[in-house]
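Here's the structure, in structure tokens; my notes come after.
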2 protein chains.
Amino acid sequence: MGSPAVVGVGITDFGRFPQRSLKDLCAEAVTAAVSDAGIDVGDIGLAAVSNSYAGLLTGQESVRAQTVLAPLGIRGIQAYSVENACASGSTAFQHAVRAVASGEVRYALALGVEKMVVDDKSKTFAALGSSRDLEEDLGSSGSPFMELYAEEVKAHMNAYGSTAEDFAMVAVKNHLNGSLNPHAQFRNRVTVEEVLHSPMVVPPLSRLMCSPIGDGAAAVLVGRAEEHRAAPRVLASVLRSGAFAPTEDVNDTTLAAQEAYDKAGVSPDEVDVAEVHDAATPAEIIACEDLGFAPRGGGVALLRDGVTSLHGRLPVNPSGGLKARGHPVGATGVAMVVEISLQLRGQCGPRQRHDARIGLVQNNGGWVRGAPAAAAVHLLARA
Amino acid sequence: MGSPAVVGVGITDFGRFPQRSLKDLCAEAVTAAVSDAGIDVGDIGLAAVSNSYAGLLTGQESVRAQTVLAPLGIRGIQAYSVENACASGSTAFQHAVRAVASGEVRYALALGVEKMVVDDKSKTFAALGSSRDLEEDLGSSGSPFMELYAEEVKAHMNAYGSTAEDFAMVAVKNHLNGSLNPHAQFRNRVTVEEVLHSPMVVPPLSRLMCSPIGDGAAAVLVGRAEEHRAAPRVLASVLRSGAFAPTEDVNDTTLAAQEAYDKAGVSPDEVDVAEVHDAATPAEIIACEDLGFAPRGGGVALLRDGVTSLHGRLPVNPSGGLKARGHPVGATGVAMVVEISLQLRGQCGPRQRHDARIGLVQNNGGWVRGAPAAAAVHLLARA
């Protein structure tokens, strides 16, 4: 048995890289993580590779894990591909944590990669659309997920008075954060006016409130805290898929968060920094409520009061989030763990949360039967 | 912590079912397994769903797990999709075993499903072809895997004198077994002459030496032996992916087998019954050697002497194997565990291996850099 810790991290630039392959992206992220951990690839005993859309977008439907691992010499171990829509990366991370915590392996790799930029954009939209049950009728938009977010957002606006300006403010904050992250897909700053006047996707969501399509990879090595004294500890890693009959107050994220807080012995007000799933910017506000950072309806106040800003008490999405760092689907959950780990190591430079001790990752994915198909919450602590 | 045991099994008929959906197949297999275990779906704490080709064949690239689980009311738990080519089912089974052995959950579901029969057969071949690295040049046949098997087979023929008649005999044996399995895709018996004279796919492999395309689902519930006194115990579950530089004598299967035997404290001559990966019939002969049932080159003697026949000392592929029970890729590894579990429960009727105490599953998948991309060996014991 080992106390799991994040002993190495690596990440590529996120963005639009038509010339880069899945293998190329993975090689960069894994090489960086292995170097960061100070181990050899031969030390890795399990590799969970997260990718959502290569089957439809590159044709590599099967053995995705091995095709990206083999060129790196990561062979002869437990390796497999794992998929859970936008929460695929969190699923891979959970597997790596479990493999180390159980004592089964000394080092486990969670590797997330996605290549969404292909010649034919309609293929990318078809892939994104497959993150819901294709047999459910959910409307005809080219952005099915943004339609679903829009419905949730309208309910929040009606109930709590959140406004399009608030959703724009999240984008402004996250673009600012992204401008300080050399790996971010968007490093330009934006204004509330620019966000509000960007083309409408699905009311009230304008384009600058939506996360972009992009390519990228992220890698996390989980090892034993006992052997890596300075590595951030994993206090809890919880995944839940498709709760029955979610309500406004109880859904998979609230349940996963509660379970994670209980396991970790941490309360929401002890969290110093968080990466949350802002696939559309209002989702960040709602996630802050789901995670207990504010009471239901109180997410907007956190934002307006600057609590979630980079120099507030609880910076949210210091990396830039899905909105600005980018959202190459299979890589996202792993990228979130990379950012929180670096925050807990105090290595985030101008976007560092001062004296961060406890960090949280919240990641969800897919849509089946009226609810996210997967919700993950991880809690990490400074060594 | 729990001692993992297979507490429930379920399987559909395997075959060509253009009218049946992934959901429909899964519902039948899971309902049967849950009923067999005498538990409620609400008792399941983790579900690993194995499927290889739905992205390319049905378009359901993402959230495959949740789309088939939600209609069954399996929600709000850890659920995810897992892929490892033809060894996907074994990977899901290993995850279920780990989740119970670690004490994390009381019951875990390994569910394998594949729907390969679609309107456009070229799509099925493209999906099968994606179980190797698409960037490796491996020839242009419509049956890339059979080309790879053919190369391996020719080497075996040259080295050990195995013949096309031997490979035909495996088909004869496995069709006979399949004729006794109500779920088998092929229930017709065949003769050596018929096999030899069936259309040539890639010399020396004729069509009747190759496993078919088909649809099907299989489900296994892993629980605690302490709570299910009559359930077959899981002694070991080992997965290895892509060993570096395999040789004739040492490859992923030999290594996985050795690790499994060591973990289980069992020697090859204690195995009473085995399901092995006869995607092409010569592979069964070679697998018997890899697993230590015979010395290298001795696999043919086992066959010729009737040792691996249904009433021999060590029946191999009593279900009919991939050859006759069928090979819906994502379902296969789970189906193998179903058969061995039923053998250890003494419930296989006319294909029962008398007094089976130790059973083995060997399953491999994919092809990357000159070797199978994944190799799995599981050892089970009668309660």
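All chains are named by letter (A, B, ...) in the order of the sequence lines, taking the proteins before the strands, and each is independently numbered beginning at 1. Side chains included, hydrogens not; waters and symmetry mates left out as well; all remaining heavy atoms used.
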Looking only at B/Ser81, B/Ser21, B/Ala70, the option with the highest number of non-hydrogen pairs under 4.5 Å against chain A is B/Ser81
Keeping A/Gln78 on the side-chain end and B/Ser241 on the backbone end, is there a donor-acceptor pair under 3.5 Å?
no
Minimal non-hydrogen separation, B/Glu61 against A/Ser130, with atom names:
CB-OG, 3.2 Å
Evaluate the side-chain proximity of B/Tyr80 to A/Gln94: yes if any heavy-atom separation is below 4.5 Å, no if none is.
no
Looking at A/Asp249, I'd like to know if its CG atom is crowded, meaning that more than 12 non-hydrogen atoms belonging to other residues, nucleotides or ligands lie closer than 6.0 Å.
yes
Interface residue of largest heavy-atom contact number with chain B, from A/Ala48, A/Gly366, A/Ser52, under 4.5 Å:
A/Ser52
Kindly compute the distance separating OG1 (A/Thr67) from CG (B/Leu134), expressed to the nearest 0.5 Å.
8.0 Å
Under 3.5 Å, is there a donor-acceptor pair between the B/Gln66 and A/Asp133 side chains?
no
Do you know the tightest heavy-atom contact between B/Ala79 and A/Asn84?
O-ND2, 2.9 Å
Using non-hydrogen atoms only, which part of B/Ser88 is less than 4.5 Å away from chain A: side chain, backbone, both, or neither?
neither
Quick one: does any side-chain atom of B/Gln60 pair with a main-chain N or O of A/Ser131 as donor and acceptor, under 3.5 Å?
no
If one checks every heavy atom of B/Ala54 against chain A at 4.5 Å, the contacting part turns out to be backbone
Is A/Leu46 close to chain B through its backbone or its side chain, or both, or neither, when contacts mean heavy atoms under 4.5 Å?
side chain
Within a reach of under 6.0 Å around NZ of A/Lys121, are more than 12 heavy atoms found that belong to other residues, nucleotides or ligands?
no
Point-to-point distance, once rounded to the nearest 0.5 Å, from CZ of A/Arg98 to CZ of B/Arg98:
7.5 Å
B/Glu83 side chain vs A/Val82 backbone, donor-acceptor pair below 3.5 Å
no
Mind listing the closest non-hydrogen atom pair of B/Arg75 and A/Val368 along with its distance?
NH2-O, 3.8 Å
I'd like to know whether CG of B/Asp40 has more than 12 heavy-atom contacts from other residues, nucleotides or ligands below 6.0 angstrom.
yes
Heavy-atom pair of closest approach, residues B/Asp252 and A/Gly76
OD1-CA, 4.1 Å
What heavy-atom pair brings B/Val63 and A/Ala85 nearest, and what distance separates the two atoms?
CG1-CB, 3.6 Å
Please classify the contact of A/Ala65 with chain B as side chain, backbone, both or neither, using a heavy-atom distance under 4.5 Å.
neither
